[in-house]
Amino acid sequence: MTQPHPAERIVVLTGAGISRESGLETFRDADGLWSRHDINDVCTPEGFQRDPMLVSRFYNGRRAELAHVEPNAAHRALAYLEQAARDGRWDGEILIVTQNIDDLHERAGSRNVVHMHGELRRLRCMSCGATPEWLDDYLPQTPCPACHRPTLRPDIVWFGEIPMHMERIQAALAACDRFVTIGTSGTVYPAAGFIAEVRDHADTLDINLEAPAIPALFDRTLVGPATRMVPQWVAETLGS
């Protein structure tokens, strides 16, 4: 017997803004990480080939920062909405597509999370393809726990590389009833193209500190901090 579809399918795209409110440094801000590091040195395959030690130390530092931050009210509200579906309190489903490489969504309790740009707490072996969870520092000579070769790299999408899980993301976008962006400008592709993909069949909402540069892209906007606006939207979605 075919299972009935949920009444509402929501795809949420989250960006740096939601993690910033937990205290994580972002890349693109005026005083962000890219103001102190050359993108070509730490965020490209070529930079990794030139100086793998520099790249490993850079991402070791980013990974260490995660121990000092916690999920905020916006992360927890999204997890609460997902839990409401599992408990039968909401007839819907939510998929979080995040551009962030931190694990704050998961630590808040969300399970349906897709990291299109990779994860800080994973490494990738260039020899065997293993992607082990990794909480500590690593160096270029660190052996892969699966094949024991010293061919690990951060499991991060660098400039010039293709975002991850695009097939799953495209399928979710094609089937969604509502598309919500939180803490992202949506101006960087492929995320910038997501709006165009859903406009003919889904309601669109932007939650951000500032109004979108092109307001007509969205059916609705909520301007304010994610820690205030996301719980408000979740309560509205649940009808409470």
Side-chain angles (χ1 to χ4, degrees), residues 13-29 31-72 74-76 78-79 96-165 182-184 188 191 226:
L13 174 69
T14 63
I18 194 170
S19 295
R20 186 188 303 117
E21 292 189 45
S22 283
L24 272 181
E25 283 194 286
T26 63
F27 286 87
R28 293 179 180 275
D29 284 346
D31 59 346
L33 292 165
W34 286 346
S35 69
R36 304 191 301 278
H37 301 274
D38 190 319
I39 296 171
N40 295 312
D41 289 338
V42 296
C43 294
T44 64
E46 295 78 13
F48 179 71
Q49 290 173 358
R50 283 195 305 270
D51 195 341
M53 180 65 79
L54 173 67
V55 173
S56 67
R57 286 175 173 166
F58 175 79
Y59 286 99
N60 287 343
R62 308 288 73 72
R63 195 178 306 108
E65 288 176 7
L66 294 181
H68 304 290
V69 296
E70 296 293 335
N72 60 49
H75 296 105
R76 292 193 296 271
L78 292 173
I96 297 171
V97 178
T98 186
Q99 300 173 94
N100 300 330
I101 57 177
D102 60 67
D103 62 347
L104 294 177
H105 283 301
E106 288 87 349
R107 284 160 60 190
S110 292
R111 298 180 191 173
N112 299 330
V113 183
V114 175
H115 285 266
M116 62 184 293
H117 291 157
E119 302 178 59
L120 263 177
R121 285 184 161 170
R122 285 195 181 278
L123 298 179
R124 188 192 321 156
C125 179
M126 295 177 289
S127 294
C128 72
T131 56
E133 183 178 24
W134 206 274
L135 306 183
D136 302 316
D137 288 353
Y138 95 100
L139 297 172
Q141 61 266 34
T142 301
C144 168
C147 71
H148 309 296
R149 296 183 180 127
T151 49
L152 294 169
R153 58 160 278 181
D155 193 24
I156 303 295
V157 176
W158 289 324
F159 286 98
E161 296 181 328
I162 299 171
M164 299 177 182
H165 312 296
I182 302 172
T184 176
V188 178

Please give me the minimum heavy-atom distance between Leu24 and Leu104, naming the atom from each residue.
CD1-CD1, 4.0 Å
Do you know the tightest heavy-atom contact between Ser110 and Ile96?
OG-CD1, 3.5 Å
Flag the pair Asp103 / Leu120 as yes when at least one side-chain heavy-atom distance between them is below 4.5 Å, and no otherwise.
no
Distance in Å, Leu139 CG paired with Ser56 OG, rounded so as to fall on 0.5 Å steps
5.5 Å
One should read off an interatomic distance between Arg121 CZ and Asp136 CG, to the nearest 0.5 angstrom, of 9.5 Å
What distance do Gln141 atom CD and Leu152 atom CG have between them, rounded to the nearest 0.5 Å?
11.0 Å
Could you please spell out the steps behind the side-chain contact (heavy atoms from CB on, under 4.5 Å) verdict for His75 and Thr14?
CA-CA 10 Å; His75 296 105; Thr14 63; over 6 Å; no
Kindly write out the residues that satisfy side chain to side chain contact (heavy atoms under 4.5 Å, CB included) with Asp137, not counting sequence neighbours, or none if the list is empty.
Asn60
Audit row: Arg107, Glu70, side-chain contact (heavy atoms from CB on, under 4.5 Å) steps and yes/no
CA-CA 8 Å; Arg107 284 160 60 190; Glu70 296 293 335; 3.6 Å; yes
Taking the side chain as every heavy atom from C-beta outward, state whether His165 and Met116 have any pair of such atoms under 4.5 Å apart.
no
Side-chain (Gln99) to main-chain (Thr184) donor-acceptor, under 3.5 angstrom
no
Using the rule side-chain contact (heavy atoms from CB on, under 4.5 Å), only one of Leu66, Val69, Ile18 pairs with Asp102; which is it?
Leu66
Using a strict threshold of under 4.0 Å (side-chain N to carboxylate O), is an ion pair present between Glu106 and Arg122?
no
Chi angles and distances behind the side-chain contact (heavy atoms from CB on, under 4.5 Å) call for Cys125, Cys147:
CA-CA 9 Å; Cys125 179; Cys147 71; 3.6 Å; yes
Any donor-acceptor N or O pair under 3.5 Å, side chains Asp155, Thr131:
no
Atom CZ in Phe159, atom CD1 in Ile39: separation rounded to 0.5 Å?
5.0 Å
Stepwise, does the side-chain contact (heavy atoms from CB on, under 4.5 Å) test hold for Trp134 with Thr142?
CA-CA 12 Å; Trp134 206 274; Thr142 301; 3.7 Å; yes
How long is the span from the OG atom in Ser22 to the CD atom in Glu65, to the nearest 0.5 Å?
12.5 Å
Would you say that Ile156 contacts Phe48 through its side chain, given a criterion of any heavy-atom pair below 4.5 Å between the two side chains?
no
Please check if the side chain of Ser19 supplies one atom and the backbone of Ala16 the other of a donor-acceptor pair under 3.5 Å.
no
Check: Thr98 side chain, Asn100 main-chain N or O, donor-acceptor pair, under 3.5 Å:
yes
Give a yes or no on whether the backbone of Pro163 and the side-chain of His117 come within a donor-acceptor separation of less than 3.5 Å.
no
Nearest heavy atoms of Ala226 and Ile182, plus distance in Å
CB-CG2, 4.1 Å
Is the shortest side-chain N to carboxylate O distance from Asp41 to Arg50 below 4.0 Å?
yes
Side chains of Met126 and Cys144, heavy atoms from C-beta outward: is any pair under 4.5 Å?
no
Does Arg63 qualify as a cation-pi partner of Tyr59, given the criterion of NZ or CZ under 6.0 Å from the six-membered ring centre and within 45 degrees of its axis?
no
